[in-house]
Protein chains: 2
Amino acid sequence: MATIKDVARAAGVSTATVSRVLNNHGSVTTEARDRVNEAVRTLGYHPNSAARTLRSHEVSTLGLVIGDVLNPFFAELARAVEDEAREHGYYVIIGNADENPQCQDEYLDILLDRRVAGLLMCPTAEVSPRVGEAVRNGHSLVFLDRTIPELDIPTVRSENAQAVHELVRHLCSVGHHRIAIISGPDSLVTGQERLAAFREALRDNGCELPAEYLRIGDFQVESGVQAMRSLMELPAPPTAVFAADNLMALGALRSIRDQGLRISTDVGIASFDDLPWFELVDPPITAVQQRTEEIGRVAVRELIASLHGEQARSWKFPCRFVPRQSCGERHP
Amino acid sequence: MATIKDVARAAGVSTATVSRVLNNHGSVTTEARDRVNEAVRTLGYHPNSAARTLRSHEVSTLGLVIGDVLNPFFAELARAVEDEAREHGYYVIIGNADENPQCQDEYLDILLDRRVAGLLMCPTAEVSPRVGEAVRNGHSLVFLDRTIPELDIPTVRSENAQAVHELVRHLCSVGHHRIAIISGPDSLVTGQERLAAFREALRDNGCELPAEYLRIGDFQVESGVQAMRSLMELPAPPTAVFAADNLMALGALRSIRDQGLRISTDVGIASFDDLPWFELVDPPITAVQQRTEEIGRVAVRELIASLHGEQARSWKFPCRFVPRQSCGERHP
DNA sequence: CTGAAAGCGCTTACAG
DNA sequence: CTGAAAGCGCTTACAG
C-alpha cells in the first residue's frame, strides 16, 4: 500500500505538506494542494489510521459492547446508538459479548486498544476488574440498559418498576390471582428490578408469589420454553404468566402452542419488551414497551458530553404499559 | 496510560525484554519474566494496539459490514459470523451500512484503516470503487448474502431460485392463480433473483404476472405496508402475495390486519426468510428458510482460507421451503 | 507557505 | 538471555 512518503515523492513535496492538505491543517498553496490531491488519487492512497492515531490521539469512533445481537432489543439499541453517533460525526464499532463476562472483557480490550474515543456498554452480570480499570485510566464510559451498582458509572436505562406495577394491577383487574413470573437472572439489575417490582405489586394487590410460580430464566428463548412447560405441569398452574423479556416470552408462547393450549383462554401471557410482531399474534400480546431508541440516543449524547470534559449524567426512562388481548382482556 | 517504557523501567529491563515476555517471543529468564509480569499488573499496563499493528502488521480482527442490524436476517448472520470467527481465534467488529452505499464505503474505510485482517460484507446496491480498490490493494474480502456480479469476489449466499419455484408451485396447487409479489430493489441481486424466479415459476405453472401485481419494495417494513395496501385496493386483488423478505412480510401482515382482512381466508401470504414468530401467527406463515447460520460460518472459513493464501471459493446454499397455513392450505 | 526532524508506542533483527 | 537501535506511517512544533 502507498504511504505518505510515496505521495510526497509523487507530488514533489515533503510529507509534512501532504499531511497538511490531508488534514486541512495549516496553509498550503493551491498548486501544491492540487498536486498532492492528484498524487493521492493516482496512488489510491489511504492514510494508515493506526499511525495517525498513534501520533495524534484523535479518534472519531465509538465502541459499543452489547449483550446479544440476536436479541431484537439490543439490535434496536445498537441501531439507535449508531444513528445518533453518526449525527455527531462518530462511527461506532460493535462487539457482541454474548452475555458472557469474559467475552465482554475481551471486547473491552479490543475496542479500547483500538483507541475508540469512548465506550458504551450493556454490562453483563459480573463486575469485571477491566471495567473499573478502563475508567480509572481515563476512558469515557457509559452504561446502557443495565448497570453495575458498585461502579458509579453514568447509566442510561429504563425505569423498570412502575410499568410492572401497572401490569400486575391490570392482570388482577381482569381477574387473575394466580400469576407466575419467568424472571431474568438474579445477577442482572434488570432481572432483579423486574422481579422485585413484580413481587411488590402482587402484594399491593393482595396476591402472593408462591415459590413454584417463580422461575428464573436467562433472558434467552429456551429458558422461556422450559419455564412455561413446568409451570403448566403444576397441580395448580397459574392463570397468567409474565415473561421478563421478549426472548423468554417467545419461548413461553412456543411452549403454549406446543402443549396445545390457547393463549388467553388457557393461560394469559404478558411480556417485558414490546416487539412489532406482538400485534400479529392471535390474540395480540400485552406488553411493556421500553423507550429503546431514546435510551440509545441519550447514552450517546452523554458519552459525547463526557468526551468534551463535561460530567455525564444518568437517566431513567419510564416504560409504557400496552394492554392488548393476551391476558383475558375483554375484546373491544 | 502506562507505556512499555514505564513497564521496562519498573521491571528494571529493556523495552525489548518486555515485548518479548508480552508476546512470548524469544527467550527470557524466569526471573525477568516474573518481574515484567509483576510490573504489568501493578501499572495496569495494556499494549497500545495501534503501535503494535503499525509495527508488526499482525491483526486478529475481522471486519463485518452488514446491511441493517434491525433486520433479523442480518442479526442472525452477524451472530453466526461472530461465533465461527471466535472459534478460529478472531474477533469481529461490525459496521452497519444502513443499506446506504456511501455509508458502506465509510465503514469500509474505517475498518480497513483499523487494519482488520480481512473483511466480510453484504454489499449494497451500487458498486463502489472503494471495494474494487480494497481488493486490488491486497485485502482479503468475501461477500455474503449478496454479490456484485462485475466484481468477481468470493461470495457465500443462498440459491434463491429453487425455493421460489417450489413456493409458486405450492401456491398454484392450493388453488391460487392471481399471485402478486412484493419484490426487493432491482439493484440487489437478491431482489433480482427472487423476482426473476417468481416470474419464471408463474409461467411454468401457466400463470401471468400482470404489471399491477408487481410492487417494488426496499426490503424494509414500511414498503411492505404500502405495497400490500395498494395491492388490496386493486379492482381484482391478488388471492396470494409473496413478500421477498421478512421485513416486507411483517409490513404486509400489518397492513392486512389494519385493513380488517384475515390472513389466508381473505388473502394468502408467504415470505422469503423464516422467523421464529412466524409459527405463532394465526394461521402460521408459509415461508422460505435460508441457511443463515451456515452462510455466516462458511463465509468466515473462506475468508480465513484466503488469509492463509488459499483461494477462497464461492458457495450457494439451497433454501428450504416451509409450507404452513397462511396460503389457504388445508389444515392438518 | 514549507521542510527537516522529533516522536507517538511498539517489535525485531543485530550484536554481544 | 538481553539491550541499543532502527523503523512502522503518520503529525506537529520549530525554523526559515
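Note that the structure is predicted; figures quoted are calculated from it, not measured. Here is the naming used below: chain letters follow the sequence lines, and residue numbers restart at 1 for every chain.
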query = A:Asn23 side chain N/O closer than 4.0 Å to the phosphate oxygens (OP1, OP2) of D:dT11?
reply = yes

task = For B:Asn48 and C:dG7, give me the distance from atom CG to atom P, rounded to whole Å.
result = 18 Å

DNA chain D: 5'-proximal contact among B:Arg33 and B:Ala51 (nearest heavy atom) = B:Arg33

ask   = Which part of the nucleic acid, if any, lies within contact of A:Ser27, taking any heavy atom under 4.0 Å across all strands shown: a base, the sugar-phosphate backbone alone, or nothing?
value = base

task = Kindly express the pairing pattern of DNA chain D in dot-bracket notation, using | wherever a base pairs with another strand and counting only Watson-Crick or G-U pairs under 3.5 Å.
result = |||.||||||||.|||

query = Does any N or O in the side chain of A:Thr147 come within less than 3.5 Å of the main-chain N or O of A:Pro149, such that one atom is a donor and the other an acceptor?
reply = no

message = How close do B:Tyr45 and B:Thr3 get, counting heavy atoms only, and between which atoms?
response = CE1-C, 3.5 Å

query = For A:Thr42, which residues count as a side-chain contact (heavy atoms from CB on, under 4.5 Å) partner, sequence neighbours excluded?
reply = A:Glu38

ask   = Counting only side-chain N and O atoms of B:Thr3, is one of them less than 4.0 Å from OP1 or OP2 of C:dG9?
value = no

Give every donor-acceptor pair under 3.5 Å between a side-chain atom in residues 79-86 of chain A and any protein atom, sequence neighbours left out.
{"residue": "A:Arg79", "atom": "NE", "partner": "B:Asp68", "partner atom": "OD1", "Å": "3.4"}
{"residue": "A:Arg79", "atom": "NE", "partner": "B:Asn96", "partner atom": "OD1", "Å": "3.4"}
{"residue": "A:Arg79", "atom": "NH1", "partner": "A:Asp83", "partner atom": "OD1", "Å": "3.4"}
{"residue": "A:Arg79", "atom": "NH1", "partner": "A:Asp83", "partner atom": "OD2", "Å": "3.0"}
{"residue": "A:Arg79", "atom": "NH2", "partner": "B:Asp98", "partner atom": "OD1", "Å": "2.5"}
{"residue": "A:Glu82", "atom": "OE2", "partner": "B:Asn96", "partner atom": "N", "Å": "3.4"}
{"residue": "A:Glu82", "atom": "OE2", "partner": "B:Tyr107", "partner atom": "OH", "Å": "2.8"}
{"residue": "A:Glu84", "atom": "OE1", "partner": "A:Arg297", "partner atom": "NH1", "Å": "2.7"}
{"residue": "A:Glu84", "atom": "OE2", "partner": "A:His88", "partner atom": "NE2", "Å": "2.8"}
{"residue": "A:Glu84", "atom": "OE2", "partner": "A:Arg301", "partner atom": "NE", "Å": "3.0"}

task = Provide, to the nearest angstrom, the distance between the CZ atom belonging to B:Arg52 and the C1' atom belonging to D:dG7.
result = 17 Å

ask   = When the C1' atoms of C:dT12 and C:dG16 are considered, how many whole Å apart are they?
value = 16 Å

task = Send over the distance from B:Leu54 CG to C:dT12 C1', rounded to a whole Å.
result = 14 Å

request  = State, yes or no, whether a side-chain contact exists between A:Pro154 and A:Glu302 at a heavy-atom distance under 4.5 Å.
outcome  = no

message = Categorize A:Ser19 for me: base, sugar-phosphate, or nothing, with a 4.0 angstrom heavy-atom threshold over every strand shown.
response = base

request  = Taking side chain to side chain donor-acceptor pair (under 3.5 Å) as the test, write out the residues that go with B:Thr15, two or more places apart.
outcome  = none

query = Can you check the B:Tyr45 OH to C:dG9 C1' distance for me, whole Å?
reply = 7 Å

message = Let's go through B:Leu188 and B:Gln192 carefully: what are the C-alpha distance in whole Å and the side-chain angles of both, what is the deciding distance for side chain to side chain contact (heavy atoms under 4.5 Å, CB included) to 0.1 Å, and is it a yes or a no?
response = CA-CA 6 Å; B:Leu188 260 27; B:Gln192 287 164 17; over 6 Å; no

Euclidean distance, atom CG of residue A:Asn24 to atom P of C:dC1 [Å, nearest integer] = 13 Å

task = Would you mind reading off the distance between B:Arg55 atom CZ and D:dC10 atom C1', rounded to a whole angstrom?
result = 15 Å

ask   = Do the side-chain N or O atoms of A:Thr17 get closer than 4.0 angstrom to the phosphate oxygens (OP1, OP2) of C:dG3?
value = yes

query = Between B:Thr29 and D:dT2, is there a side-chain N or O to OP1/OP2 distance below 4.0 Å?
reply = yes

query = Is a donor on one side and an acceptor on the other found under 3.5 Å between the side chain of A:Gln104 and the backbone of A:Ala97?
reply = no

Atom-to-atom span, CD1 of B:Ile4 to P of D:dG7 - whole angstrom = 19 Å

ask   = Around atom CG of B:Asp152, are there more than 12 heavy atoms of other residues, nucleotides or ligands at under 6.0 Å?
value = no

key: Pairing residues for A:Asn100 by the side chain to side chain donor-acceptor pair (under 3.5 Å) criterion, not counting sequence neighbours   = none

task = Give the rounded distance in Å between these two atoms: CG of A:Leu22 and P of D:dT12.
result = 12 Å

What does the list of N/O pairs under 3.5 Å between the protein and nucleotides 13-15 of chain C look like, with a distance for each?
{"residue": "C:dA13", "atom": "N6", "partner": "B:Arg20", "partner atom": "NH2", "Å": "3.2"}

